[in-house]
Amino acid sequence: MLNRFRQSSYAPGPHTLQFFLDLPQFRKDPLGGFFRAALTYGDVVRYRGVWVTHQLSHPDHIQQVLQSNFANYRKGRGYRILKLSLGEGLLTSEGALWQRQRKMTQPSFQGQQVASFVGTMAENTLAMLRRWETNAKDNQTFDVVPDFMRLTLNIAAQVLFTTNLEADAESIRRTLDIGRDYSVDRAWSIFPPPLSIPTRRNREYRAALANIHGIIDRIITDRRRQSDRISDLLTMLMEARDESGAPMSDKQLRDEVITLLTAGHETTTLALGWTCYLIGTRPDVVERMQAEAAFLNGRTPAYEDLMKLRYSRMVLEESLRLYPPVWTLARTAVNEDDIGGYRISAGSEILIFPYITQRHPKWWQDPDVFRPERFAPENSAARPRYAYLPFGAGPRTCIGLNFAMTELLVALTLILQRFRITLAIDPSQVRPEPSVTLQPKPGIPVRLEKMSPRS
Ligand code: HEM
């Protein structure tokens, strides 16, 4: 039988020797390397290394992989590495298991549920802002990122298990950092040693994993012993049943909890951090956000108030465009496919970069300029839907999108009700470092000025 793919040609890209020669440079500056490749070779770039990888930048091609032909693309090599940490949780599982878990978890993230988390989000933010009063009084310069890490971890822990993880926070953070660095090293390594070999890194990683498993198992066991019903995400996950009426096993529950804790807090931290970076040099933008929130008269926003904060939402959307915390998405082609007239062989790795497509001059005017107005409905209508994907797209879109946007809007509104925030570093000195997520290096140092309370 004539295979329709036989007629398509291979996409352009560096030849194998060039690929290996360029590899150290790519590792040093992945964003620059992949961006240059997209501009040099076009919408589909083919890399021939130890395995074949295709880089996609065109919204139509992204749609094909993430939406219209999604069944042909399983999660890529990077996620298989993350699986070591996250097990069979939602982010890393596949096929029928993923479908079952997504169905069981989805109700916990619907509007009404998320609305019930607003109080926790606000309380934790206000606690952080009370500490910030001292920073403002002393005119301190401080990095907002560690504070946001603590904030989002506390919020995630409280909505997940009604537990204050303050006592474990430091150890969880260290554990997640070890897990992240380990995953990145493995992703760049051609022949990473199996986890069972007791190298120093492997031992450190296994100890970190055992630590977080211990903390979460303890929480689950305590909960099973409790007679009162506690209304939180963990209870919802424990009470969820699949179509056959079966609950999640303890191991599955643990994988989902680790996944939600991991996927939910660092991403939100970075979105908040990068937003402070962007507005920290734009008093005009801050004033507009504050004017828009003036109807609150200084009170904490309720869930229903958030939809009135249209401009603030646009600021967040623009921040997620310029600095998408999830800067890359990886898939593996199950069967052969044709993308844009190019042959994609079965088993080929696919890389999609929200960072690149969201800054590509084909889809965005003045792509590097921070301009929230580009997200006004009248300015967005003509843009291809898949040119913007900070939360992914298709059936595997971020389940926490609404949760995250709510948390971001609540936190940002509360901050700007109380403080004027100024970036305390030359903006050009902060660079995005692509780890598993897009980290600001050396951080986001700011100074605060306390505003007089509204009458
Ligand atoms: C600004 C914050 C966030 C960003 C930028 C973000 C981004 C993303 C992206 C891009 C994906 C898709 C990955 C892929 O297709 O391979 C994803 C998936 C996911 N996210 Fe988020 N996320 C954020 C917040 C959250 C929060 C708050 C939670 C939970 C509390 C969460 C939980 C998840 C889960 C479980 C998945 C996997 C969904 C599935 O495959 O069914 N995320 N996220």
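Atoms within each ligand, like the ligands themselves, are counted from 1 in listed order. It should be emphasised that the depicted structure is a prediction, and the values quoted were computed from it without experimental measurement.
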Which protein non-hydrogen atom lies closest to [atom], naming both residue and atom, and how far is it?
atom	answer
atom 34 (C) of ligand 1	Ile399 CG2, 3.8 Å
atom 28 (C) of ligand 1	Gly264 CA, 3.5 Å
atom 13 (C) of ligand 1	Tyr79 OH, 3.5 Å
atom 24 (C) of ligand 1	Thr267 OG1, 3.4 Å
atom 12 (C) of ligand 1	Arg396 O, 3.7 Å
atom 36 (C) of ligand 1	Leu91 CD1, 3.7 Å
atom 32 (C) of ligand 1	Ala263 CB, 3.6 Å

Looking only at the aromatic ring of each residue, does the gap between the centers of [Y] and [X] stay below 6.0 angstrom?
X	Y	answer
Tyr388	Phe375	yes
Phe34	Phe26	yes
Tyr323	Trp274	yes

Less than 4.5 Å apart, side chain to side chain, heavy atoms only: is that true for [X] and [Y]?
X	Y	result
Phe117	Thr406	no
Tyr386	Gln67	yes
Ile339	Gln64	yes
Asp305	Lys308	yes
Arg36	Asp29	yes

With a cut-off of 4.0 Å, which atoms of ligand 1 are near a heavy atom of [X]?
X	answer
Ala404	2 (C), 24 (C)
Trp98	39 (C), 40 (O), 41 (O)
Gly392	10 (C)
Arg331	14 (C), 15 (O), 16 (O)
Leu90	35 (C), 39 (C), 40 (O), 41 (O)

Checklist entry - Would you say the side chains of Tyr303 and Gln112 form a donor-acceptor pair under 3.5 Å? => result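 Side-chain D/A pair, Tyr303 to Gln112: absent.
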What part of [X], side chain from CB on, backbone N/CA/C/O, both or neither, has a heavy atom under 4.0 Å from ligand 1?
X	value
Val326	side chain
Phe391	both
Glu407	neither
Arg102	side chain
His265	neither
Pro390	backbone

Next on the checklist: Check contact between Gln101 and ligand 1, using heavy atoms of the residue and a distance below 4.0 angstrom.
Outcome noted: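 Flag not set, Gln101 not near ligand 1.
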Next on the checklist: Donor-acceptor pair, distance only, cut-off 3.5 Å: does the side chain of Arg46 make one with the backbone of Gly13?
Outcome noted: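 Not confirmed, Arg46 side chain does not pair with Gly13 backbone.
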Next on the checklist: Are any of the N/O atoms on Lys75, whether in the backbone or the side chain, positioned under 3.5 angstrom from an N/O atom of ligand 1?
Outcome noted: yes
Item to check | Option set Gly78, Ser93, Ala393, Cys398, criterion heavy-atom distance to atom 42 (N) of ligand 1, minimum | outcome: Cys398
Checklist entry - Should one rank Phe403, Tyr323, Phe109 by closest heavy-atom distance to atom 29 (C) of ligand 1, which comes out on top? => result Phe109
Checklist entry - Can you check salt bridge (Lys or Arg N to Asp or Glu O under 4.0 Å) on Asp366 and Arg371, steps first, answer last? => result CA-CA 9 Å; Asp366 306 326; Arg371 189 180 292 151; 2.8 Å; yes
Checklist entry - Can the positive tip of Arg374 be found less than 6.0 Å from the middle of the six-membered ring of Trp364, inside 45° of the ring normal? => result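 Not flagged: Arg374 not positioned over aromatic ring of Trp364.
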Next on the checklist: Using side-chain hydrogen bond (donor to acceptor under 3.5 Å, both in side chains), reason through Glu123 and Gln158 one step at a time and then give a plain yes or no.
Outcome noted: CA-CA 11 Å; Glu123 269 167 37; Gln158 280 175 30; over 6 Å; no
